[in-house]
**Q** 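One structure is given below, represented as structure tokens, and several questions about it will come after.
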Amino acid sequence: MSDRRDPAEAQLRELLGAWRQEIDEVPVPSLVDPVHAAAVVIEARRARKAKEGGRVHPPPDGARTRPPGDACEEAV
């Protein structure tokens with residue numbers, strides 16, 4: 001079977017393949033230690049919960065949880 005591709009394309013593919021092989025051979029260190037990262041997130045959540053202490057936060061300005069006045073009178 002003959003190769004009908006452009007010789008420049010074949011050479012480019014060969015060079016890229018060799019470059020990729022060299023890149024794959026170089027070990028890449030882990031950027032994040034997953035165990036340490038998980039421990040930091042868990043500790044941050046615990047600290048936030050302890051800081052909040054189970055308080056109920058008021059609604060934002062202008063938000064109403066109940067209609068003004070007596071809701072029973074308006075519902076009838």
Side-chain angles (χ1 to χ4, degrees):
M1 183 174 203
S2 65
D3 189 11
R4 297 183 183 187
R5 292 184 297 189
D6 182 22
E9 182 181 345
Q11 185 179 13
L12 178 61
R13 286 183 184 272
E14 183 180 329
L15 288 171
L16 288 175
W19 174 79
R20 181 64 188 186
Q21 185 176 2
E22 287 179 19
I23 295 297
D24 288 342
E25 291 174 357
V26 176
V28 177
S30 178
L31 297 176
V32 176
D33 177 21
V35 174
H36 180 68
V40 168
V41 170
I42 290 169
E43 186 60 33
R45 284 187 176 180
R46 285 183 184 156
R48 188 178 83 206
K49 283 184 180 180
K51 182 180 176 185
E52 290 176 357
R55 291 182 289 148
V56 177
H57 299 284
D61 292 341
R64 295 185 178 258
T65 56
R66 296 183 187 164
D70 190 7
C72 294
E73 292 175 4
E74 294 176 11
V76 177

**Q** Do K49 and R45 come within less than 4.5 Å of each other through their side chains, counting heavy atoms only?
**A** no
**Q** Just wondering, are more than 12 heavy atoms of other shown residues or ligands nearer than 6.0 Å to CD in E14?
**A** no
**Q** Taking the side chain as every heavy atom from C-beta outward, state whether D24 and R20 have any atom pair closer than 4.5 Å.
**A** yes
**Q** Take V40 and H36 through the test side chain to side chain contact (heavy atoms under 4.5 Å, CB included) and record every step on the way to the result.
**A** CA-CA 6 Å; V40 168; H36 180 68; 3.7 Å; yes
